[in-house]
Amino acid sequence: MTNIMLKRLALGALVVVACAHAPAAQSNAVTIRAGTVLDGKGGTLQNVTLRIDGSRIAAVDQGGTDGTYDLRGLTVMPGWIDSHVHIGAHFGANGRASNEGETPAQEALAGAENLYATLMAGFTTVRSVGAMSDRDLREAIARGVLPGPRLLTSLGSVNERTGTPDQIRQAVQRLAKSGADLIKVFASRSSRDGGGRTMTDEQLQAACGEARAQKLRTLVHAHSADSVGAAVVAGCDAITHGSGVTDAESKLMVDRGTYFEPQFLVTHNYLDHKKQYLGIGNYTEEGFASMEKLLPIRTAMFTRAQQDKRVRLVFGTDAVAGAHGRNAEEFIYRVRDGKQPFMDTLVSATFRAAESLGLQDKIGAIASGLEADLIAVDGDPRQDVTAVRRVVFVMKGG
């Protein structure tokens, strides 16, 4: 057996899954020896011992003796955060994205499969936007009976058809009462339909204002420049997509402290799986042509946005059927096509993502007192970004 094969077998044996709140995970202290640690805030540590007590990092010490896990030779990072997924989306038994004829049990199992694949890919927290079925998955993970990333969900969404401003406020209240972790707002059409603005100023102000009153954050689907600008002025917390963003909208987001979550993976995923989507809803030949035409436009927009370090770029993939477990490809697209330095991309997927969720005091970095969400990859992604595909260690909540 070659040395390379032996190394791969050894690395494969390192993968660990720790479900949140699982009683067995709380019994003993754990130590991890690490040669290179990227702390999630842009810093690098060398030759450290991470001491884990229960679900949290108790200490980050220099040097040390061999620990419970020896990760020297790997690159250790905080567990990644994907701030935009659709965790239940999957290809059904017929191989299509419509999932026709499935039972609720089959749909739930598909969601559980997506969660496991996402966790094993290095993502210890995801935000799903979102279906009501996410709630049961979220609770099962929290109880420790289902392995998966920490799951936040919108449980649904509001759009221009939700109604008048008062009706939109009522819809937000219902979602909050149902247990939503955030409010998803559609302020524009899909990119397949041109991405034009759909919600009025008053509707946006009602949605985002009521969300604030309910102490919930908002994520606004907006493609066109005017829909992005209106959502930012309305006080919404974060914009997703933003295909038409110009320097003016970037500056407005900087001035208002708005988070911005564009993506590469989602469009590539649709184009790679065209036969599974074509003919469903607005997944038409014209729709696919629109998405393909947008790729260089989105790339140019992202390249401009990432050059201004004041823009609060957040990592998200809009993972749908075909993308779960492949979320880390977004790193590669951002670095390779968007020209973003890997460390900036990493911060967007760790500390800044946690900050955008309001969880920066719990996750998103490697520091004493934070949750022990830790991953390790075989290689150094600062030198070879494709190392993000080689996740060999996953620890969630200790």
Side-chain angles (χ1 to χ4, degrees), residues 82 84-121 123 126-141 145-149 151-162 171 174-175 178-180 184-186 188-195 198 219 221 223 240-241 263 265-292 294 316-327 329-330:
D82 191 334
H84 187 166
V85 304
H86 298 266
I87 207 63
H90 63 284
F91 298 130
N94 62 359
R96 300 274 285 163
S98 62
N99 314 129
E100 289 182 4
E102 288 188 344
T103 66
Q106 288 172 319
E107 293 179 2
L109 287 170
E113 181 181 345
N114 289 340
L115 285 162
Y116 183 76
T118 303
L119 180 63
M120 288 293 91
F123 290 84
V126 297
R127 182 166 63 176
S128 184
V129 291
M132 196 61 72
S133 58
D134 291 346
R135 182 170 55 189
D136 291 334
L137 293 170
R138 179 187 66 188
E139 301 310 318
I141 293 169
V145 299
L146 180 68
L151 177 61
L152 289 80
T153 175
S154 68
L155 299 180
S157 61
V158 298
N159 57 42
E160 78 280 5
R161 296 183 300 278
T162 304
R174 287 193 297 271
L175 287 167
S178 296
K184 174 71 179 294
V185 182
F186 280 88
S188 82
R189 295 182 178 87
S190 161
S191 62
R192 293 176 295 281
D193 295 323
T198 54
L219 179 66
H221 166 114
H223 280 281
T240 181
H241 303 309
Q263 315 88 16
L265 175 60
V266 63
T267 304
H268 287 282
N269 181 67
Y270 283 136
L271 294 174
D272 291 345
H273 296 94
K274 181 177 177 180
K275 67 178 182 179
Q276 286 98 329
Y277 284 94
L278 188 62
I280 300 171
N282 62 5
Y283 294 99
T284 61
E285 289 288 359
E286 294 78 10
F288 275 95
S290 294
M291 288 191 288
E292 195 157 11
L294 267 179
T317 65
D318 197 5
V320 291
H324 301 294
R326 298 178 54 245
N327 313 60
E329 294 298 307
E330 182 74 22

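Numbering starts at 1 and runs along the sequence shown.
Remark: Ala171 engages Val158, Thr162, Arg174 in a side chain to side chain contact (heavy atoms under 4.5 Å, CB included) (not counting sequence neighbours). Applying the side-chain hydrogen bond (donor to acceptor under 3.5 Å, both in side chains) rule to His273 yields the partners Asn269; only residues at least two apart in sequence or on another chain are considered. For Glu329, the side chain to side chain contact (heavy atoms under 4.5 Å, CB included) partners two or more places apart in sequence, or in a different chain, are Leu265, Arg326, Ile332, Tyr333, Arg389. Taking Thr118 as the reference, Ile87, Phe123, Val126, Pro149, His324, Asn327 meet the side chain to side chain contact (heavy atoms under 4.5 Å, CB included) condition, with sequence neighbours excluded. The side-chain hydrogen bond (donor to acceptor under 3.5 Å, both in side chains) search around Asp193 returns Asn282, not counting sequence neighbours. Contacts of Glu160 classified as side-chain hydrogen bond (donor to acceptor under 3.5 Å, both in side chains), with partners at least two apart in sequence or in another chain: Thr198. When the ring-ring contact (aromatic ring centres under 6.0 Å, His included) test is applied to Tyr283, the partners found at least two apart in sequence or on another chain are Tyr270, Tyr277. Considering only residues two or more places apart in sequence or on other chains, Gln106 meets the side chain to side chain contact (heavy atoms under 4.5 Å, CB included) condition with Glu102, Thr103. When the side-chain hydrogen bond (donor to acceptor under 3.5 Å, both in side chains) test is applied to Thr317, the partners found at least two apart in sequence or on another chain are Asp82.
Taken to the nearest 0.5 Å, the NE2 atom of His268 stands 10.0 Å off from the CD atom of Glu292. Summarising the geometry, atom CG belonging to Asn94 is positioned 7.0 Å from atom CZ belonging to Arg96; distances are rounded to the nearest 0.5 Å. Once rounded to the nearest 0.5 Å, the distance linking CG of Asn114 with CG of Leu109 reads 11.0 Å. With values rounded to the nearest 0.5 angstrom, Ser178 atom OG is found 4.5 Å from Met132 atom CE.
For His221 (side chain) and Arg189 (main-chain N/O), a donor-acceptor pair under 3.5 Å exists by modelled atom type. The closest donor-acceptor contact from the side chain of Thr153 to the backbone of Leu155 lies under 3.5 Å.
For the residue pair Asn99 and Gly92, the shortest heavy atom distance occurs at ND2-N, 3.1 Å. Pairing each heavy atom of Ala180 with each of Ser154, the nearest pair is CB-O, 3.6 Å. Residues Ser191 and Leu294 approach most closely at CB-CD1, 3.5 Å, considering heavy atoms.
Between His241 and His84, a ring centre-to-centre spacing shorter than 6.0 Å is recorded.
For residues 128-138, every residue pair satisfying the salt bridge (Lys or Arg N to Asp or Glu O under 4.0 Å) rule, not counting sequence neighbours, is listed here: Arg138-Asp181. Within the structure, salt bridge (Lys or Arg N to Asp or Glu O under 4.0 Å) contacts touching residues 274-288 (residues at least two apart or in different chains) are Lys274-Glu285.
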Let me see the working for Gln263 and Thr240 under side chain to side chain contact (heavy atoms under 4.5 Å, CB included), right down to the final yes or no. CA-CA 8 Å; Gln263 315 88 16; Thr240 181; 2.7 Å; yes
